[in-house]
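Chain A is the first sequence line, chain B the second, and so forth, proteins listed ahead of strands; every chain is numbered from 1.
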Amino acid sequence: MTQAVSSTLLPPAFYQHEAVVEISRALLGKFIVTNFANRYTAGMIVETEAYAGPQDKAAHSYGNRRTLRTSTLFMGGGITYIYVCYGIHHLMNVVTGPPEMPHGVLIRGIEPVEGVDIMLARRQLPYLQHRLTAGPGSLTQALGISRVHNGFALTGNSPIWIEDRKIVIPSRCIMQSPRVGVGYAQEHQYRPWRFRIKNNSWTSPAK
DNA sequence: ACTAGGATGGTCT
DNA sequence: GACCATCCTAGTA
């Protein structure tokens, strides 16, 4: 397993401010790392979506809606928000904003970087292919993440964290478009808050 | 490449 | 009981 030479843990200050759309864009090119039972896996974030809490009809926390499920979103930036979608898929958000500001960024695609053999086994795939980590339900399975990791810190002392490995994604290499699967959000479904690294094959299908 | 349809269960009304 | 921030397979091309 290779350890990156120049990598730093993203600090709480990266997450704990209100500009969730900017954080969503800034997470492109950062690395999600998990280490469960000494099984080390990592991938570069290539696709995200911003969900701007109280003012966003697409967000679970729209109108400051606080339930058992959404309570994690109110706990302050720098932790995970993970929930089960369609009874099968575990989707991971990065919680952002100060405490009581329930913003989140959905991680929709990563490019596998370390522990590819472990990821393939978790996904029950015979060889490296696009669907290993393209799509929000696929990447969590590859990384070994499920709803039991809801509310985990991303900023240290945790089996899940996000690193800055000093990769810069120029804005000309970022595609911005409407979010996926949020038709229920009425007029807010068209907000262009989905971000992708252009020409990267590890994103979920274009729309 | 694309499309249609089924699987599946947590969450909230 | 309805609604999902989805993925897989099987079909056609």
Side-chain angles (χ1 to χ4, degrees), chain A residues 15 20-21 23-25 27-28 32 43 45-75 77 79-97 101-112 119-152 154 160 175-196 199-207:
Chain A
Y15 306 99
V20 60
V21 176
I23 297 171
S24 185
R25 188 195 304 263
L27 280 169
L28 295 178
I32 299 190
I45 299 171
V46 299
E47 178 175 349
T48 62
E49 283 178 358
Y51 287 85
Q55 323 85 262
D56 181 2
K57 291 184 180 179
H60 292 165
S61 50
Y62 175 60
N64 282 312
R65 172 189 180 84
R66 192 193 297 254
T67 65
L68 185 59
R69 181 176 68 156
T70 64
S71 61
T72 315
L73 285 165
F74 292 82
M75 294 172 60
I79 64 174
T80 62
Y81 167 56
I82 298 163
Y83 72 98
V84 179
C85 182
Y86 295 102
I88 313 171
H89 308 293
H90 298 243
L91 273 51
M92 173 177 163
N93 286 244
V94 173
V95 177
T96 75
M101 179 60 62
H103 293 334
V105 175
L106 174 67
I107 307 300
R108 290 195 55 90
I110 65 170
E111 177 174 325
M119 296 192 203
L120 287 170
R122 286 176 177 148
R123 296 274 294 129
Q124 302 196 304
L125 292 174
Y127 53 87
L128 190 57
Q129 57 193 285
H130 177 255
R131 52 175 226 194
L132 177 63
T133 56
S138 300
L139 70 90
T140 53
Q141 189 179 21
L143 291 169
I145 293 171
S146 74
R147 62 163 313 189
V148 305
H149 307 113
N150 180 47
F152 275 38
L154 290 167
I160 311 173
M175 286 194 64
Q176 193 170 353
S177 60
R179 294 169 292 183
V180 178
V182 294
Y184 59 88
Q186 302 169 31
E187 71 275 20
H188 295 171
Q189 70 181 291
Y190 303 111
R191 288 177 165 179
W193 288 353
R194 178 190 189 195
F195 298 97
R196 283 180 281 169
N199 297 327
N200 186 291
S201 59
W202 298 96
T203 60
S204 58
K207 195 75 198 204

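Looking at A/Arg196 and A/Arg108, their side chains never come closer than 4.5 Å, going by heavy atoms from C-beta outward.
The residue A/Arg179 sits apart from the nucleic acid: no heavy atom pair falls under 4.0 Å.
Atom CZ of A/Arg196 and atom P of C/dA5 are 19 Å apart (whole Å). What separates NE2 of A/His90 from P of B/dG9 is a distance of 10 Å, to the nearest Å. Between A/Ile82 atom CD1 and C/dA5 atom P there is a gap of 16 Å when expressed in whole angstrom units.
Nearest nucleotide to the side chain of A/Tyr86, out of C/dC4, B/dC12, C/dA5: C/dC4. Of the candidate nucleotides B/dC12, B/dG10, C/dT9, C/dT9 has the atom lying nearest to any side-chain atom of A/Arg131. Closest to the side chain of A/Leu91, out of B/dT13, B/dT11, C/dA5, is C/dA5. Here the nucleotide nearest the side chain of A/Pro136, chosen from C/dA5, C/dC7, B/dC12, is C/dC7. In this structure, of C/dC8, C/dA5, B/dG10, it is C/dA5 that holds the atom nearest to the side chain of A/Val182.
Judged by ring centres under 5.5 Å apart and planes tilted less than 30 degrees, A/Tyr83 fails to stack against the six-membered base ring of B/dG10.
The backbone N or O of A/Arg131 lies less than 3.5 Å from a partner atom in the side chain of A/Arg123, making a donor-acceptor pair.
Taking a 6.0 Å sphere around CD of A/Glu187, one finds it holds more than 12 heavy atoms contributed by other residues, nucleotides or ligands.
In this structure C/dA5 sits in no base pair that meets the Watson-Crick or G-U test at under 3.5 Å. In this structure, C/dT12 and B/dA1 make a Watson-Crick or G-U wobble pair, each of the two defining distances being under 3.5 angstrom.
In this structure, A/Trp202 and A/His130 have parallel ring planes: the angle between them is below the 30° cut-off, well short of the 60° mark. Below 30°, between 30° and 60°, or above 60°: for A/Phe152 and A/His149 the angle between ring planes is above 60°, a perpendicular geometry.
For A/Arg69 and C/dC3, the shortest distance from a side-chain N or O to OP1 or OP2 is not below 4.0 Å. Phosphate contact (OP1/OP2 of C/dC3, side-chain N/O of A/Tyr184, threshold under 4.0 Å): absent. Dashed line: the shortest gap from a side-chain N or O of A/Arg108 to OP1 or OP2 of C/dT6 is under 4.0 Å. For A/Ser138, a side-chain nitrogen or oxygen approaches OP1 or OP2 of C/dC7 to under 4.0 Å.
Each of A/Gln141 and A/Val105 lies near DNA chain C, and the nucleotide nearest A/Val105 is the one positioned closer to the 5' end. With DNA chain B read from its 5' end, the first of the two nearest nucleotides for A/Ile88 and A/Arg147 is the one closest to A/Ile88. Place A/His89 and A/Thr70 on DNA chain B by their nearest nucleotides, and A/His89 ends up nearer the 5' end.
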